Amino acid sequence: MQINIDNIFKSGAITEEDYKKSGNKIPEFLEKIEARDQGFYQIFEDEDFRVEVDKIKIFAASVEGKYDDIVVCGIGGSALGTITLRDSLMPLFSIPKVRLHVMENIDPDPLAEIVETLDFSRTLFVVISKSGGTPEPIAEYFYFRDLVNEKGLRATDHFVFVTGPNGFLHEEAVRNDFPIFGVPENVGGRFSVLTAVGLLPAALIGINIDDLLEGGRQMSDAFLNNNFDQNLPFQIAALQFLSQKPQNVLMPYATKLRTFAAWFAQLLAESTGKDGKGLTPIPALGVTDQHSQFQLFSDGPNDKLIIFIEVEKFKQNPAIPVLVPHAKTDFLKGVDFTTLLHAEMAGSAQALTEKKKPNFTITIDEISAENLGALFVLFEGATAFLGEFMDLNAFDQPGVERSKVLTREYLGKKL
Ligand code: PA5
């Protein structure tokens, strides 16, 4: 993985000197992050965590062939990483052997619709909630559990929980003898994709979770490196902070990474939006958004940092057969889809730079489990550093907690 930041300097948003100088802060920031007792970068070396990963692999192997549909009930940090893993690493259009559905919302139509499509006798419900007390997954659990009961199926064959030790869902799992996978106490929801939260659903649909973890481990080493040139997460955070733009666009040029940008949006918004401060994330997709949001990025207010993600090589790369030779289609002669995609990205980056809109590019060689693991920890680490740059606690979410309390009040119920 590499980053190309030439356009940041050309746009005039940051000087190379300030950027390099910021590296002095790495040791101080790492100390502060350590004092916040966060485990997202420590799990890779943790013995208990390795045991949990083995448990996940054993469970996934033991149920292979038993289910056609996996239904995840979870929201926020307990859903977005799983959606990203599925969309990035599984085929987008062909029907897979095991389908993974993430019920991340509670509007009744999709819930009723999915029930129509499921063969409950071949469905596993994975209920995910770190706190074990979030209204949405609890309500969904009751809904699906009732239907499982109604169909006369044995609930233990159809439910598995990923949850912390102190909430209602943990009690419920114990009461019913459901398999339980834990979430390390010191890994927050939006930082938890590389725990059982994302790893269990991933393993159930055949994603190689060792590769994911290997990518994450390598990036966590970079995160802990005091050498500025080696610390990619710190470099990203420095660019996000020093450019002083209140909005951050994440624009991967790969359809399979569309939901990675949605995962990033939660991470940035929930981590930095506090104390009257915050960076507003804007998820985008190249090239699609060149014909949608890009006009605003290019000619609108200069209040955005645009982060591109480029994929060097795709699994397939058909040539574009120029079926109608014409002066106006000649530019496509001898061109394949990857080359066209790259040219469009280069054009967009240059167009932004000409308008003094800061942008930089992260390049990965391919979309793989290892690169995904690394990308997750890259942005998690960057967000942790960004919290220190912005002098706020990136790891809490008081606004979210408040809305959970008020939901109960609106229903006329006590906590
Ligand atoms: O990042 C966070 O902590 C939140 O977005 C949570 O992931 C979200 O509120 C869901 O919480 P839980 O997993 O406890 O159900």
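Because the structure is predicted, anything quoted here is derived from the model rather than measured. Whatever order the structure lists ligands and atoms in, that order sets their numbers, starting from 1. Counting from 1, the numbers follow the sequence of the chain as shown. Just the heavy atoms: all of them, side chains too, but no hydrogens, waters or symmetry mates, feed the values below.
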Chemist: Could you tell me how the ring of Phe234 sits relative to the ring of Phe385: parallel (under 30°), tilted (30 to 60°) or perpendicular (over 60°)?
Modeler: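 Phe234 vs Phe385 ring planes: perpendicular.
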Chemist: Please indicate whether any nitrogen or oxygen in Gly77 is less than 3.5 Å from any nitrogen or oxygen in ligand 1.
Modeler: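 Between Gly77 and ligand 1, an N or O pair is found under 3.5 Å apart.
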Chemist: Tell me: protein heavy atom nearest atom 2 (C) of ligand 1, and distance?
Modeler: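 For atom 2 (C) of ligand 1, the nearest protein heavy atom comes out as Glu270 OE1, 3.2 Å.
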Chemist: Checking a contact table here: which protein heavy atom is nearest atom 10 (C) of ligand 1, and how many Å away?
Modeler: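 Going atom by atom, the protein heavy atom closest to atom 10 (C) of ligand 1 ends up being Ile75 O, 3.3 Å.
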Chemist: Can you name the residues that form a side-chain contact (heavy atoms from CB on, under 4.5 Å) with Val174, not counting sequence neighbours?
Modeler: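 Expected list: His170, Ile180.
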Chemist: Just how far is it from atom NZ of Lys130 to atom CG of Asn166, taken to the nearest 0.5 Å?
Modeler: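 So the gap between those two atoms works out to 10.0 Å.
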Chemist: Quick one: sort the Phe159 and Tyr141 rings into parallel, tilted or perpendicular, breaks at 30° and 60°.
Modeler: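 It falls in the perpendicular class, over 60°.
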Chemist: State the atoms of ligand 1, each with its element, that fall below the 4.0 Å cut-off from a heavy-atom position in Thr134.
Modeler: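 Counting atoms of ligand 1 from 1, those under 4.0 Å from Thr134 are 11 (O), 12 (P), 14 (O), 15 (O).
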Chemist: Below 4.0 angstrom from a heavy atom of Lys404, which ligand 1 atoms are there? Numbered from 1 as shown, please.
Modeler: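 Near Lys404, meaning under 4.0 Å from one of its heavy atoms, ligand 1 has 9 (O), 11 (O).
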Chemist: For ligand 1, which atoms, with element, lie under 4.0 Å from some heavy atom of Ser129?
Modeler: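 Contacts of ligand 1 toward Ser129, numbered from 1: 12 (P), 13 (O), 14 (O), 15 (O).
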Chemist: On the 0 to 90° scale, with breaks at 30° and 60°, tag the Tyr41-Phe223 ring pair as parallel, tilted or perpendicular.
Modeler: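 The arrangement is tilted - the two ring planes meet at 30° to 60°.
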Chemist: Find all atoms of ligand 1 within a distance of less than 4.0 Å from any non-hydrogen atom belonging to Arg190, and give their numbers and elements.
Modeler: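 Answer for ligand 1: 1 (O), 2 (C), 3 (O).
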Chemist: Can you list the ligand 1 atoms lying under 4.0 Å from a non-hydrogen atom of Gln266?
Modeler: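 That gives atoms 1 (O), 4 (C), 5 (O) of ligand 1.
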Chemist: With a 6.0 Å cut-off on the ring centroids, do Phe376 and Phe260 count as close?
Modeler: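 Between Phe376 and Phe260, the centre distance is under 6.0 Å.
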Chemist: In terms of ring plane angle, is the pair Phe29 and Phe389 parallel, tilted or perpendicular, where the classes change at 30° and 60°?
Modeler: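 Perpendicular.
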Chemist: Any non-hydrogen atom of Glu136 lying under 4.0 Å from ligand 1?
Modeler: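 No heavy atom of Glu136 comes that close to ligand 1.
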Chemist: Give the numbers and elements of all ligand 1 atoms closer than 4.0 Å to a heavy atom of Gln397.
Modeler: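 Every atom of ligand 1 under 4.0 Å from some heavy atom of Gln397: 3 (O).
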Chemist: List for me each residue that meets salt bridge (charged side-chain N to carboxylate O under 4.0 Å, His left out) alongside Asp69, sequence neighbours excluded, and say none if there are none.
Modeler: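 For Asp69 the salt bridge (charged side-chain N to carboxylate O under 4.0 Å, His left out) partners, ignoring immediate neighbours, are Arg99.
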Chemist: Give the residue and atom name of whichever protein heavy atom lies nearest to atom 14 (O) of ligand 1, and the separation in Å to one decimal.
Modeler: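 Ranked first by proximity to atom 14 (O) of ligand 1 is Ser131 OG, 2.7 Å.
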